[in-house]
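Hydrogens, waters and symmetry mates play no part in the numbers below; they use all other heavy atoms, side chains included. Keep in mind that what you see is a predicted model, and the values were worked out from it rather than measured.
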Amino acid sequence: EIDRQLPGLFGGNIKRSIATLERGLKVAPANAELKYALAESYLEAGRKADARRQVEELLLLPADSPRANETVRAQEKARKLLSKLK
């Protein structure tokens, strides 16, 4: 996430951000916050179809897990992001 938020001048790198978040999802595939961060990174990299896929998967996650609050917040942000992907 830091790689996406930092300007390139200060060491930010969108490709590295995507690679790191993709590795994270391999470890925790149901992590809503990772899915949202990856969707944002994909959008910034111009990969709208990949961003939409992450958002759609995020919106399908059940909000009854031990991390339900985080899931619900990520889903709310994902709905807003979805409007940018249309």
(message) Taking side-chain contact (heavy atoms from CB on, under 4.5 Å) as the definition, give me every residue that meets it alongside Ala45, ordered by chain and number, with sequence neighbours left out.
(response) Ile14, Ile18, Arg47

Show every donor-acceptor pair shorter than 3.5 Å between a side-chain atom in residues 52-63 and any protein atom, with sequence neighbours excluded, or say none if there are none.
{"unit_1": "Arg52", "atom_1": "NH1", "unit_2": "Leu85", "atom_2": "O", "d": "3.0"}
{"unit_1": "Arg52", "atom_1": "NH2", "unit_2": "Leu85", "atom_2": "O", "d": "2.4"}
{"unit_1": "Arg53", "atom_1": "NH2", "unit_2": "Asp50", "atom_2": "OD1", "d": "3.1"}
{"unit_1": "Glu57", "atom_1": "OE1", "unit_2": "Lys35", "atom_2": "NZ", "d": "2.6"}

(message) Let's go through Leu43 and Glu40 carefully: what are the C-alpha distance in whole Å and the side-chain angles of both, what is the deciding distance for side-chain contact (heavy atoms from CB on, under 4.5 Å) to 0.1 Å, and is it a yes or a no?
(response) CA-CA 5 Å; Leu43 181 60; Glu40 283 189 313; 5.7 Å; no

(request) Please report the closest heavy-atom contact between Ala39 and Ala51, naming both atoms and the distance. (result) O-CB, 3.4 Å

(request) Sequence neighbours left out, what passes side chain to side chain donor-acceptor pair (under 3.5 Å) with Glu22? Give chain and number order. (result)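 Applying side chain to side chain donor-acceptor pair (under 3.5 Å) to Glu22 gives Tyr42.
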
